[in-house]
Student: 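Please find one structure pasted underneath; my questions will follow.
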Amino acid sequence: MEISERILLSAEELFFRYGVKSVTMDEIARELGISKKTIYQHFPDKDELVFQVVEKRMVKNRTDMVCSVGAGKNTVERVVLMNEVMRQMLSVVNPGILFEIKKYYPRAWQVFQKHMQEHVLIDTVADLRQGIADGLFRSEINVDVMARLRLKEIEFGFDNQWFPPNEYSLAQVQYEFMDHFLRGILTDEGLSVYLKHYPA
DNA sequence: TACCGG
DNA sequence: GCCGGT
């Protein structure tokens, strides 16, 4: 594997587990058994490294999404599946990481924002439309408004001012949001499908 | 690895 | 004093 790719993978794993600021360039180098100089031959500074880690993760998330679209039989299953994948990820992610990136790494934050607005929003709208077509979501909902609500909900779950990590589990908060959101838009038929995944 | 500067 | 950068 390319050395630059290995650097990105190690950096991502460390950032996700411990946060971005608390992981030093020395630690990334030590993890890989290489020198800091090697890292700086591939990345001009830490800002660029963080930027590329986020960009790579966004691209991978997108391909994972496309795969998971085929995995579920219907829209409810897909939303639940996607949430399961997310919960799995969140259980090992340092909760402060999103706001840390927002505060200290504006370039990486912009890539994240752009990805959310250009890809995730469109995918979510498409999912809601499909759910309505399948008779699982209520047709009265405004799919564009509800898609935006869902994305901001997920982002809100990361807000450690409102949900201090020692008081709330990130995965639990995200589950509560998903459950509440789905119950608000499900038809009776959709609800019964949903309850097969999460019996009340 | 040691070092400088923020 | 720590850490990014040389």
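Each chain gets a letter, A, B and so on, in the order the sequences are listed, and its residues count up from 1. These numbers come from a predicted model, not from an experiment.
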Student: Taking atom CG of A:L9 and atom OG of A:S4, what is their separation to the nearest 0.5 Å?
Tutor: 9.5 Å
Student: For the atom pair CZ (A:R30) and OG (A:S10), what is the distance rounded to the nearest 0.5 Å?
Tutor: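 That separation rounds to 12.5 Å.
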Student: I'd like to compare against my own output: the B/S/- annotation of nucleotides 1-6 of chain C with a strict under-4.0 Å heavy-atom distance to protein.
Tutor: --SBBB
Student: Measuring from A:D188:CG to A:L136:CG, what's the distance to the nearest 0.5 Å?
Tutor: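 Here the rounded value is 11.5 Å.
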Student: Can you tell me how far apart CD (A:E48) and CG (A:D45) are? Round to the nearest 0.5 Å.
Tutor: 6.5 Å
Student: For a side chain to side chain contact (heavy atoms under 4.5 Å, CB included) with A:V120, tell me which candidate from A:Q117, A:E118, A:M116 qualifies.
Tutor: A:M116
